[in-house]
S.K.: 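The structure follows.
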Amino acid sequence: MQQAVISHIGVGHTLYRLAITALPPGSTSIFNPAGTPAHSVFSLSMLVFGITGGVFVVVGGLLLYALLRYRGRTGDKQEPQQIYGSTQIELSWTVIPILIVVMLFLATARIIFATQNASKPDNALDVTIIGHQFWWEFRYPKLGIVTANELHFPATDGQSRTPVYLSMISADTDHSFWVPRLAGKTDVIPNRINTMWIDADAPGLYVGQCAQYCGLEHAKMLLRIYAQKPADFAEWVAHQQQPALEDPALADGRAIFEHNACISCHTVRGTVATGTFGPDLTHLASRDTFASGSVPLTRDNLRAFIADPGALKPGVLMPAMHLNDHDLDRVTDYLMSLK
Amino acid sequence: MATQTAPLPLTASPRRPISAVLHDWITTVDHKKIGLMYIGYALLFLVIGGAQALLMRIQLMRPESHFVSPETFNQLFTMHGTTMVFFVAMPVLFGFGNYLIPLMIGARDMAFPRLNAFSFWVSAFGGFLLYFSYIGGSGLYGGGGAPDVGWWAYAPLTSKVFSPGHSSDYWTLSILLSGVGSIGTAINIVATALSMRCRGMTLYRMPLLVWLYTVMSGMVFVTISPLTAAQIMLLLDRYLGSHFFDTQAGGSAVLWMHYFWIFGHPEVYVLILPVFAFMNEIVPVFSRKAIFGYPAMVAASVGIGFISLSVWAHHMFTIGMTAAGNTFFVLATMCVGVPTGIKIFNWLGTIWGGKVRFDPPMMFAIGFLFQFLAAGLTGIMLSVAPFDWQLNNSYFVVAHFHYVIVGGILFSLFAAFYYWYPKMTGRMLSTRLAHWHFWLFLVGFHVTFDPMHFVGLDGMVRRTFTYPLDRGWGTLNMVISIGAFIQAIATLIFVYNLVHSFFRGRLAGSDPWDAWTLEWSTPSPPPHYNFATEPTVESRRPLWDLKHPEDPDSLYE
């Protein structure tokens, strides 16, 4: 659809391609769509830009012309002829805008219904999204996977298309799920289940962030969406379904983890840690980032975070556990082993 | 700010003790003094709200900046929004309305002078209560804390769980009080326009400014009431254990959104209609032609008033409404474009065939016309629900509504200041400073708000105290911040002009612009009683009739 629109504008297309390649790696431009809903918004937006741009040029041009053509000369004391109105002219500039509105409305209504009421294919993947202050919980109810901040799903691969149907709810305040290259946003609201769907043209990492002010750390509530080749996704699923890895060499780190308040909020499947208030840590070390996508997952970063979570992520609800250096190292090693 | 305290030459005796002057202002029920107090109060808050914007722009100049803490930033954007809407835009527009309406309809005061004074003081108290939160926001524990819930104060952020302390209470009480004041003044404006017009002034001959203020006041009744009700419900939630918005106990976050936006969107028209009103007076005078299509202008204003009451949920396209719900609000929103378009075309028709004079009021009016056109068109983009799914809560929206509020409302207000300042003070504002002000502000405005559209299209989210380095938004944000400072410098020039010209400005005389409505038939500044004898009018432009007895308007209307 996107191709159909822009291929009509040869030079525009070349310029557009050039502009897209100049985007930085972390780009979230809505003009660089990579999923079906984002494509349909993009092509609709081109129509809207065309119409509004045309109106601006015509009306702005007339205004400019009138201001230049009818500028007063100094010393000219004669008043111009007084005209009080003209029914015909006023009627025409009422009817023409009405016609434009009707056209734009019909084009918009078509995309609204096509996106919101799209029928769900049988092979669609279900994911439940729970917004928290200030992180994302992703649950795959049919696969038995719980993870945080990094959503994995299969990208479209040839004829095989697996859209993801998201049902979303918030555990606390309003949030909004927005990954601009894949789709428009949908708010994540307490006491209300919202749904939306996404797919991806090609494997890749698509970033986004919470788009509804949700409190102190709203700015750092980032989102990372990994669209994978179907085979890679299957491998990821198989790995995530395993209980946590156990390394006897790190048993003391695990003991410190389990004897502190960590387990009140965090789950590590296969152990006594069954808290659900914070992110599931069963496969923490398989993720690229933590703290809602805002900090790269390295041993040093993780250690610093456990020592004082608020320093890396102001507003975080996890308290500093005041572990001594020895315990801190052991716990960090244990968590880094949870591949 | 200085206009707040500057003694205004409305009293005859030159050297009275300060206490007597103060007593005079505090106890006054004169519509002109109340109008000036509204304007001075709004200018004071404009400077405060502007300073908050500058602090935010310093923070956002670079990615991952630590100029202010997240807490401070969240308070800044909450206070900036609340201040600018409730304590700058509303009072300054009510101030001009208060000052001008009785003068334009040949009356000696508003219909209810004491209600007028009450409304002003209760609104003003609301503003000071909001800022008292900096001292009292955390209760008696010593530390203050301004509200940090955004100017929409979305539930459940305002519930006791997420907003302990008293900062949200100060917010809600200040909105409550300002709402009571707004409703009082709106009642006054409607009553004045309907029952205080001079002999011969039928509704069909009423100046467009008064018409638009009347429509705006009607909208205030309908829109401020739910806002006020919502504040009371929020207070009940916070203190008496009700659960309207308390989601933890089964309340509804969406209910607050509906209450807020059934106020919030018509509010935009409450602010823009008076501004259209200024244009309806200024564009004809400086084009030297009668307004084109007076009946259509009245009809379009009333039309905007009604249609705008049915568009509020276009702020909620992303909350998961059904496709049918979304479609309805798309259509309703696009329909507002039609009467708004009629207004722009009629201004074009007024200029067409005229002899345009480029005095400072007209310069700002021209800026308004182009910028408001652009703002209206980005509004059409946002009304396209699927496009809004992408744009909502991005910087594109921030750019859009600042185009409306700064590019439209503020430019028009500056035009109104240059136009009516001579009437209010008896002195002309300096034209040379006006040119500096206009060009600097124009450049600053576009350097700030044009690139803001692009960072929004690039995915930057509003109300974020910082943004990641790898998104590539640094350069544009730096440009935006530079623009903000250019606007600040221009505003300082304007404030200097207001103060300087008050003492040194050229004497204006009663009718410096060769205008046509009744206020220009009084001395500048007008005496306490406005008109020694009640005027009689025979057309919409009584002073035109007086100046052109051979070809009066009354022959054509």
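A note on names: the letters A, B, ... follow the listed sequences, proteins ahead of strands, and every chain is numbered from 1. Being a predicted model, the structure only gives us computed values, none of them experimental.
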S.K.: Is it the backbone or the side chain of B:Val455 that comes under 4.5 Å from a heavy atom of chain A, or both, or neither?
M.R.: neither
S.K.: In terms of heavy-atom proximity below 4.5 Å to chain A, should B:Asp551 be classed as side chain, backbone, both, or neither?
M.R.: neither
S.K.: Working to the nearest 0.5 Å, report the span between CZ of B:Phe387 and OG of A:Ser40.
M.R.: 12.5 Å
S.K.: Quick one: what part of B:Arg540 sits under 4.5 Å from any heavy atom of chain A, side chain, backbone, both or neither?
M.R.: neither
S.K.: Heavy-atom distance under 4.5 Å to chain A: side chain of B:Phe370, backbone, both or neither?
M.R.: both
S.K.: Would you mind checking which part of A:Gln133 comes under 4.5 Å of any heavy atom in chain B, side chain (CB onward), backbone (N, CA, C, O), both or neither?
M.R.: side chain
S.K.: Given a strict heavy-atom distance threshold of 4.5 Å, which part of B:Ser287 is in contact with chain A: side chain, backbone, both, or neither?
M.R.: backbone
S.K.: Ring centres under 6.0 Å, that's the criterion: do A:Trp93 and B:Phe292 meet it?
M.R.: yes
S.K.: Would you mind checking which part of B:Pro468 comes under 4.5 Å of any heavy atom in chain A, side chain (CB onward), backbone (N, CA, C, O), both or neither?
M.R.: side chain
S.K.: Find the distance between NZ (A:Lys185) and CG (B:Leu391) and round it off to the nearest 0.5 Å.
M.R.: 6.5 Å
S.K.: Please state whether the side chain, the backbone, both or neither of A:Ala183 comes within less than 4.5 Å of a heavy atom of chain B.
M.R.: backbone
S.K.: Side chain, backbone, both or neither: which part of B:Tyr467 has an atom under 4.5 Å from a heavy atom of chain A?
M.R.: neither
S.K.: Select one option (side chain, backbone, both, neither) describing which atoms of A:Leu104 are under 4.5 Å from chain B's heavy atoms.
M.R.: both
S.K.: Nearest 0.5 Å, what's the CZ-CD distance between B:Arg288 and A:Gln78?
M.R.: 12.0 Å
S.K.: Non-hydrogen atoms of chain B under 4.5 Å away: do they reach the side chain of A:Asp172, the backbone, both or neither?
M.R.: both
S.K.: Which answer fits A:Ser170, side chain, backbone, both or neither, if we ask what part of it has an atom under 4.5 Å from a heavy atom of chain B?
M.R.: neither
S.K.: So, taking the atom named OH in A:Tyr213 and the one named CZ in B:Phe77, what distance separates them when rounded to the nearest 0.5 Å?
M.R.: 4.0 Å
S.K.: Would you mind checking which part of B:Thr322 comes under 4.5 Å of any heavy atom in chain A, side chain (CB onward), backbone (N, CA, C, O), both or neither?
M.R.: backbone
S.K.: Between A:Glu90 and chain B, with a heavy-atom cut-off of 4.5 Å, which part of the residue counts as in contact: side chain, backbone, both or neither?
M.R.: side chain
S.K.: Where is the tightest heavy-atom contact between A:Ala219 and B:Thr466, given as atom of each residue plus distance?
M.R.: CB-O, 3.8 Å
S.K.: Please flag which part of A:Asp174 lies under 4.5 Å from any non-hydrogen atom of chain B: side chain, backbone, both or neither.
M.R.: both
S.K.: Select one option (side chain, backbone, both, neither) describing which atoms of A:Val48 are under 4.5 Å from chain B's heavy atoms.
M.R.: side chain
S.K.: In terms of heavy-atom proximity below 4.5 Å to chain A, should B:Ala300 be classed as side chain, backbone, both, or neither?
M.R.: neither
S.K.: What part of B:Phe317 is in contact with chain A, defined as an atom under 4.5 angstrom from a non-hydrogen atom: side chain, backbone, both or neither?
M.R.: neither
S.K.: At a heavy-atom separation under 4.5 Å, does A:Ile189 approach chain B through its side chain, its backbone, both, or neither?
M.R.: side chain
S.K.: Examine whether an atom of A:Asn194 lies under 4.5 Å from a heavy atom of chain B, and if so say whether it belongs to the side chain, the backbone or both; otherwise answer neither.
M.R.: side chain
S.K.: A:Ile193 versus chain B, heavy atoms under 4.5 Å apart: side chain, backbone, both or neither?
M.R.: neither
S.K.: Would you say the ring centroid of A:Tyr65 lies under 6.0 angstrom from that of B:Trp352?
M.R.: yes
S.K.: Measure distances from A:Arg192 to the heavy atoms of chain B and classify the residue's part below 4.5 Å as side chain, backbone, both or neither.
M.R.: side chain
S.K.: So which part of A:Thr173 gets closer than 4.5 Å to some heavy atom of chain B, the side chain, the backbone, both or neither?
M.R.: both
S.K.: In terms of heavy-atom proximity below 4.5 Å to chain B, should A:Leu44 be classed as side chain, backbone, both, or neither?
M.R.: side chain
